[in-house]
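Have a look at the structure below, then the notes.
These numbers were taken from a predicted model, which means no experiment stands behind them. We number each residue from 1, following the sequence as shown.
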Amino acid sequence: MKQVSTTFAIGILALFLSSQALASDAGHTSETMEHAGQALAHGEDGHASELVKHAEKSLHHAKAAEKAHADAHKHMTEAIKHIEESIKHGKMGHADEGAKHMKEAMQHIRESAH
């Protein structure tokens, strides 16, 4: 009987830890998307420095989300590439080009959540 309750307890602990990991991942994905949207809006308005600020935050969360789930890894990897390009163009003052890359990144972020 003790072995059954120990096995049950281990199973419950594993379920709890996996649900916490999924919740953490969902948080990073939503933060990635939130900052990507803000970066896109600033880029479309011609505010390159604000685009960079939010794109860098989006990149931080995208990298954390990328590590968290392997099945959507390829989409988050593509999102990261576009966020980095957005930052690069924003720093050069090319807000419109930064916004284009952020739009692509957002599409990949959406795909990674499915």
Atom [atom1] of [X] and atom [atom2] of [Y]: how far apart are they, to the nearest 0.5 Å?
X: S86; Y: E104; atom1: OG; atom2: CD; value: 11.5 Å
X: H61; Y: I83; atom1: NE2; atom2: CD1; value: 10.5 Å
X: H101; Y: E84; atom1: NE2; atom2: CD; value: 11.5 Å

State, to 0.1 Å, how close [X] and [Y] come at their nearest heavy-atom pair, and which atoms those are.
X: A55; Y: I87; answer: CB-CG1, 3.4 Å
X: A36; Y: M102; answer: O-CG, 3.1 Å
X: L51; Y: G43; answer: CD1-CA, 3.4 Å
X: S30; Y: G27; answer: OG-O, 3.0 Å

Could you check whether the rings of H54 and H42 sit parallel, tilted or perpendicular, using 30° and 60° as the cut-offs? parallel
Specify whether H82 and H108 have parallel, tilted or perpendicular ring planes, treating 30° as the upper limit for parallel and 60° as the lower limit for perpendicular. parallel
Quick one: do E78 and K81 make a salt bridge, cutoff under 4.0 Å? yes
Please enumerate all residues that pass side chain to side chain donor-acceptor pair (under 3.5 Å) together with E97, with sequence neighbours excluded. none
Give every residue pair that meets the salt bridge (Lys or Arg N to Asp or Glu O under 4.0 Å) criterion with at least one member in residues 34-47, sequence neighbours excluded. E44-K103
For H28, is there any backbone N or O sitting under 3.5 Å from a side-chain donor or acceptor partner on T32? yes
Minimum side-chain heavy-atom gap M76-T29 below 4.5 Å: yes
Are E85 and H89 side-chain neighbours, meaning at least one heavy-atom pair lies under 4.5 Å? yes
